[in-house]
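Here the structure is a predicted model, which is why all the values come from computation and not from measurement. FYI, side chains are in, hydrogens and waters are out, and symmetry mates aren't considered; it's all heavy atoms of this structure.
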Amino acid sequence: DWSSDVCSSDLNSRRSRITRIIRLDLTRKITTAQYAYILEEADTGKISDICMEGPNTMIVTEKARDWIRLYRIELGNATNLQRLPSQISGPGGSLERMSAKELAAQRIEPVKKAQLLDLTKLGMREEKFEGVDRIDEETIALLTDNDFGLSGGIVHGNALAEMKNEDPALYIVPLGK
């Protein structure tokens with residue numbers, strides 16, 4: 001049954017703490033590498049934005065239900081998942097069901113990550129931090145998204161979209177050394 005496959009796959013995805021960082025060759029329009037990124041939480045954890053710092057270094061905005069953090073990640077020593085057998089990294093493979101310990105047992109090195117900032121502890125509690133960029137070596141810009149003021153619902157009876165009272169915000173944040 002197609003619907004049970006989708007539900008099962010979606011459930012596996014939500015239970016997994018592993019998501020993939022994908023490297024593309026835009027000239028040739030191909031994927032050249034995939035790397036395992038371990039989220040801090042399964043189910044509600046996700047990456048909302050990435051800012052490139054160099055060919056193998058990025059700043060990642062990771063969020064979960066109760067927090068939003070910035071991490072610097074390094075791809076340099078991470079395993080290119082495209083080089084693994086398809087039963088591990090292909091469709092329906094076991095990669096997304098593995099724990100960090102199981103990855104190590106298979107000699108799969110995830111990206112290295114180090115926390116830069118905990119935005120929640122800095123008092124930034126907006127729901128949708130979806131933009132991060134470097135201004136200079138010591139400063140980043142963070143942008144929130146308010147979905148054009150739409151809350152996602154429809155007012156029944158007049159078919160108008162429900163609105164929320166939330167403005168987008170731009171934060172200029174120094175990175176601590």
Between Trp67 and Glu41, a side-chain donor and acceptor under 3.5 Å:
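Checked: Trp67/Glu41 side chains pair up, N/O donor to acceptor below 3.5 Å.
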Short side-chain donor-acceptor distance under 3.5 Å, Thr79 and Glu109:
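The criterion, which ignores hydrogens and geometry beyond distance, is not satisfied for Thr79 and Glu109.
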Any non-hydrogen side-chain atom of [X] less than 4.5 Å from a side-chain atom of [Y]?
X: Thr31; Y: Gln34; result: yes
X: Glu138; Y: Leu175; result: no
X: Arg72; Y: Glu53; result: yes
X: Ile73; Y: Lys112; result: no
X: Val60; Y: Arg69; result: no
X: Arg17; Y: Glu96; result: no

Can any side-chain N or O of Thr19 pair as donor or acceptor with the backbone N or O of Tyr37 at less than 3.5 Å?
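No; zero donor-acceptor contacts below 3.5 Å.
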Is Asp25 atom CG crowded by more than 12 heavy atoms from other residues, nucleotides or ligands, each under 6.0 Å away?
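More than 12 heavy atoms, drawn from other residues, nucleotides or ligands, come within 6.0 Å of this atom.
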Out of Lys46, Lys113, Gln115, which residue meets the side chain to side chain donor-acceptor pair (under 3.5 Å) rule with Glu62?
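It is Lys113; the other options fail the test.
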Indicate if Ile38 and Met98 have the same hydrophobic cluster label, given that clusters are the connected sets of ILVMFWY residues with side-chain heavy-atom separations under 4.5 angstrom.
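Ile38 and Met98: one cluster.
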According to a hydrophobic-cluster definition based on side-chain heavy atoms being under 4.5 Å apart (Ile, Leu, Val, Met, Phe, Trp, Tyr only), do Leu70 and Val173 belong together?
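Linked, Leu70 and Val173 end up in one cluster.
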Spatial distance of atom CG (Leu142) from atom CD1 (Ile172) [nearest 0.5 Å]:
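If I round to the nearest 0.5 Å, the distance is 8.0 Å.
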